[in-house]
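Only one structure is covered here, and it is reproduced in the block below.
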Amino acid sequence: MSTLNRRDVLLFFSDHDGMSLVDNIGLDHWNVTKINDINSAKKAIFTDNHRVGIVFMTRYQPDFLRCIQELVSLGKHVQWIAMTDDITISNPMVRETIVNHFYDYQRLPIDMSRLLPALCRAYGMSELARSIARNYDTSIEKNYILIGKSTAMKNVRQQIIKMAPVEKTVLITGESGTGKELAARALHQFSQRAKGPWITVNSAALPANLIQSELFGYERGAFTGANRFKMGKIEAANEGTILLDEIGDIAPDVQIALLRFLQEKTIERLGGTESIGLNVRVIAATHRDLKRAVVEGTFREDLYYRLNTLHLQMPPLREREDDIIDLAYCFLEKFLREQNKSKPRDFSIEALRVMRVHNWPGNVRELINRVERAVLFCDDRLIAPKHLDLDRRNNSRQIVTIEEARKRAEHDAIHIAIQHANGNLTRAAKVLGISRASLYRLCKFNVEMNENNQAHRKLRK
Ligand SMILES: Nc1ncnc2c1ncn2[C@@H]1O[C@H](COP(=O)(O)OP(=O)(O)OP(=O)(O)O)[C@@H](O)[C@H]1O
Ligand SMILES: [Mg+2]
């Protein structure tokens, strides 16, 4: 068997078990990853493709057992086999853990004639669980697992593991709905601050005058209506992590205050005089092109460089065709469970095809919404494109001429710019880098193009 065809197995043991015990395991046709530290084991489960895992449990200690429980809960998609001994298994807590989380258990000493068949069965079971729709597992959501077997998503997970323990600011960029918040959450979870607070602030959702007090807090009497002290979100994140979401939308005076905090690691509450030293890790996220915002003068260059110490780019869903179907099945199962339905049982071939070719402008969030809608409206056995609202031809990523693609891209850029400028054409034109007159002309042209499309659709009906 070539190394490529070998199956991966994670082998977790503690120093108590000793290397000699582990070395006695001869698994010729398996890629064995031997790990004896719990954090490395968790990271391996997060980033790699393990289907089966062996855990040595040769002692009972509440802390150790808790670690094992955390590991096997994180890797619920893995089939686990416990290697234990008579004394350890006599403990009821150990027995309970094995019953609740493990596929099989064996008593030491190692008997390869029993272990190998058990491993093969566990591997087969894991394959089977993956091959059916009903493999959604709530642990995925609880543990902020980023689903996706594409190379792009694998890279993202590996970068998260590398960046998590580094006490540096991370800037996460990517289109809307690509999982920026989820990635930020995973960064916190895999850092030393995991047990500390996790705080998020959405800079776009709050008016400029409120964001300052939301971030820095205020003293009693700081302004009219401030009749009591309020702790700011940065202070609340002390010893933990804060996610500054939609950082690209933050007002210039808040940018200055944030820069000061990032440089000096201290804050002053509004209306206060005391400088408070804090230990907070900052993660910032935005769907905007911050470099461009710097060039356009809407975002401070010094703040940009402070935030961009480490950069994580979330890839759009349309570039990870491999992940679309995995995610779709995962959410199918989740919504069936949530809506307490037994139908639909699967996606039709045609539904799978349209999902593969759809452009997914709203990325994973759009996929979630479409699958939720399909589960709600479909009472047939199979989900059809119409249930996903993907039966209109203009939604798909069909091959188009360059001219057509250019027009569509232009149309999208104009649409987004006008939306962001709240309908103000002068501002939208500035962002697009064209004159107001040109924008006006393009808008007129695009309206005509839209009308043409609608006319075509009517003709098709
Ligand atoms: N790889 C993934 N695996 C599982 N769920 C995902 C994945 N990526 C995104 N999601 C889910 O998709 C939804 C959108 O993700 P999230 O809120 O993190 O996106 P975002 O990039 O922050 O979007 P926005 O820019 O609009 O704020 C969430 O429900 C999230 O749990
Ligand atoms: Mg977000």
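All ligand and atom numbering here is 1-based and tracks the order in the structure. All values derive from a computational prediction rather than experimental measurement.
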N or O pair under 3.5 Å between K180 and ligand 1: yes

Check each of M314, E175, E181 against atom 18 (O) of ligand 1 and report the one with the nearest heavy atom. E181

T178 versus ligand 1: do any nitrogen or oxygen atoms come within less than 3.5 Å of each other? yes

Examine the proximity of ligand 1 to D323 and report which part, side chain or backbone, both or neither, has a heavy atom under 4.0 Å away. neither

Sequence-distant partners of Y305, ring-ring contact (aromatic ring centres under 6.0 Å, His included), two or more places apart: none

From E246, M153, K334 - option closest to atom 27 (O) of ligand 1 by heavy atom: E246

Please work out whether the ring planes of F46 and F190 are parallel, tilted or perpendicular, with thresholds of 30° and 60°. tilted

Considering only heavy atoms of V364, which atoms of ligand 1 have at least one such atom less than 4.0 Å away? 6 (C), 7 (C), 8 (N), 9 (C), 10 (N), 11 (C), 12 (O)

May I ask you to say whether K180 pairs ionically with D245, meaning some side-chain N is under 4.0 Å from a carboxylate O? no

Mark up the atoms of ligand 1 that fall under 4.0 Å of a heavy atom belonging to F331, in ascending order. 5 (N)

Exercise: do E246 and S203 side chains pair donor with acceptor under 3.5 Å: no

Charged N-O contact under 4.0 Å between D289 and K291: no

Can G148 be said to touch ligand 1, with heavy atoms closer than 4.0 Å? no

Give the atom numbers and elements of ligand 1 that come within less than 4.0 Å of a heavy atom of I368. 11 (C), 12 (O), 13 (C), 29 (O)

May I ask you to decide if the ring planes of F13 and F56 are parallel, tilted or perpendicular, using 30° and 60° as cut-offs? perpendicular

Heavy atoms from other residues, nucleotides or ligands near CD of E301 exceed 12 (cutoff 6.0 Å): no

L146-ligand 1 polar pair, N/O distance under 3.5 Å: no

Just heavy atoms, cut-off under 4.0 Å: does L327 contact ligand 1 by side chain, backbone, both, or neither? side chain

Using the test side chain to side chain contact (heavy atoms under 4.5 Å, CB included), find all partners of L376 that sit at least two apart in sequence or belong to another chain. Q339

